[in-house]
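Basis for what follows: all heavy atoms, side chains included, without hydrogens, waters or symmetry-related copies. The sequence lines fix the lettering, A, B, ..., with proteins before strands; numbering per chain opens at 1.
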Amino acid sequence: MTFFEEVYEMCKKIPKGKVATYGQIAFLIGKPRCARQVGWALSSCPDPKNIPWHRVLNRFGKLHQSDVLGNMHIQRDLLKEEGISFIDDFTIDLKYYLWEGL
DNA sequence: ACGGTGACGAGAT
DNA sequence: TATCTCGCCACCG
């Protein structure tokens with residue numbers, strides 16, 4: 001089980017309608033200082049159909065920085081479909097939607 | 001093996 | 001939660 005795989009497995013545990021932060025995912029898999037690698041893992045997401053990568057945001061509830069291929073918009077739309085409302089086009093209210101963990 | 005890379009985070013300003 | 005800096009460390013060639 002590589003670090004990447006652990007990230008993907010953890011993402012699958014995030015309940016629908018909730019979100020997690022990169023740092024939180026890193027913490028939950030026992031690598032609290034690997035938030036950056038979590039983001040990287042999701043950027044190379046091998047199976048977008050089965051991995052809820054869109055439920056992972058940065059610590060402010062903002063969507064990821066890079067918008068190559070329009071992924072920010074895709075992520076926003078996916079989250080809206082799960083009933084999550086946005087403060088602005090790419091920000092949600094973490095205190096309401098943040099996943100509590102396991 | 002080694003170093004560049006990066007969807008991050010915390011602290012300073 | 002504005003902007004900058006720096007530490008972080010798995011992955012890949």
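- Side-chain contact between A:Val56 and A:Val7 is absent, with no heavy-atom pair separated by less than 4.5 Å.
- Residues near A:Phe60 contribute nothing to a hydrophobic cluster around it, because no ILVMFWY side-chain heavy atom sits closer than 4.5 Å to its side chain.
- Atoms CG (A:Leu42) and P (B:dC8) sit 10 Å apart, rounded to a whole Å.
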Could you give the side-chain donor-acceptor pairs of residues 83-91 of chain A under 3.5 Å, partners two or more places apart or in another chain?
from	atom 1	to	atom 2	distance (Å)
A:Ser85	OG	A:Tyr97	OH	3.2
A:Asp88	OD1	A:Phe90	N	2.8
A:Asp88	OD1	A:Thr91	N	3.1
A:Asp88	OD1	A:Thr91	OG1	2.9
A:Asp88	OD2	A:Thr91	OG1	3.3
A:Thr91	OG1	A:Lys62	NZ	3.4

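- Whole-Å rounding puts the A:Leu63 CG to B:dC8 P distance at 11 Å.
- Atom NE2 of A:His64 and atom C1' of B:dA7 are 6 Å apart (whole Å).
- A:Ile29 places its CD1 atom 15 Å from the P atom of B:dC8, with the value rounded to the nearest Å.
- Scanning DNA chain C 5' to 3' for nucleotides with an atom closer than 4.0 angstrom to a non-hydrogen atom of chain A gives a first and last hit of C:dT1 to C:dC11.
- Applying the side-chain hydrogen bond (donor to acceptor under 3.5 Å, both in side chains) test to A:Lys16 and every residue at least two apart in sequence or in another chain returns nothing.
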Solution key, residues 41-54 of chain A side-chain donor-acceptor pairs under 3.5 Å, sequence neighbours excluded:
from	atom 1	to	atom 2	distance (Å)
A:Ser43	OG	A:Trp40	O	2.6
A:Ser44	OG	A:Trp40	O	2.9
A:Asp47	OD1	A:Asn50	ND2	3.4
A:Asp47	OD2	A:Asn50	ND2	2.7
A:His54	NE2	A:Glu82	OE2	3.0

I'd like a list of close polar pairs between nucleotides 11-13 of chain B and the protein, N/O only, cut-off under 3.5 Å.
none

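- Proximity of residues 5-26 of chain A to DNA chain C (heavy atom under 4.0 angstrom from any strand atom) is not detected for any residue.
- Counting any heavy atom pair closer than 4.0 Å across all strands shown, A:Ser44 reaches no nucleic acid atom.
- Of all the residues in residues 31-38 of chain A, A:Ala35, A:Arg36, A:Gln37 reach under 4.0 Å from DNA chain B with at least one non-hydrogen atom.
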Taking distance alone, no hydrogens or angles, what donor-acceptor pairs closer than 3.5 Å link side-chain atoms of residues 17-31 of chain A to residues at least two apart or in another chain?
from	atom 1	to	atom 2	distance (Å)
A:Thr21	OG1	A:Gln24	N	3.1
A:Gln24	OE1	A:Thr21	N	3.2
A:Gln24	NE2	A:Trp99	O	2.8

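- DNA chain C is contacted by no residue of residues 47-57 of chain A, taking any non-hydrogen atom closer than 4.0 Å.
- With sequence neighbours left out, A:Glu9 forms a salt bridge (charged side-chain N to carboxylate O under 4.0 Å, His left out) with A:Lys12.
- If you take CG of A:Asn58 and C1' of B:dA10, they are 13 Å apart, rounded to a whole angstrom.
- To the nearest angstrom, P of B:dG6 lies 17 Å from CZ of A:Phe3.
- Within residues 89-97 of chain A, no residue approaches DNA chain B, by heavy-atom distance under 4.0 Å.
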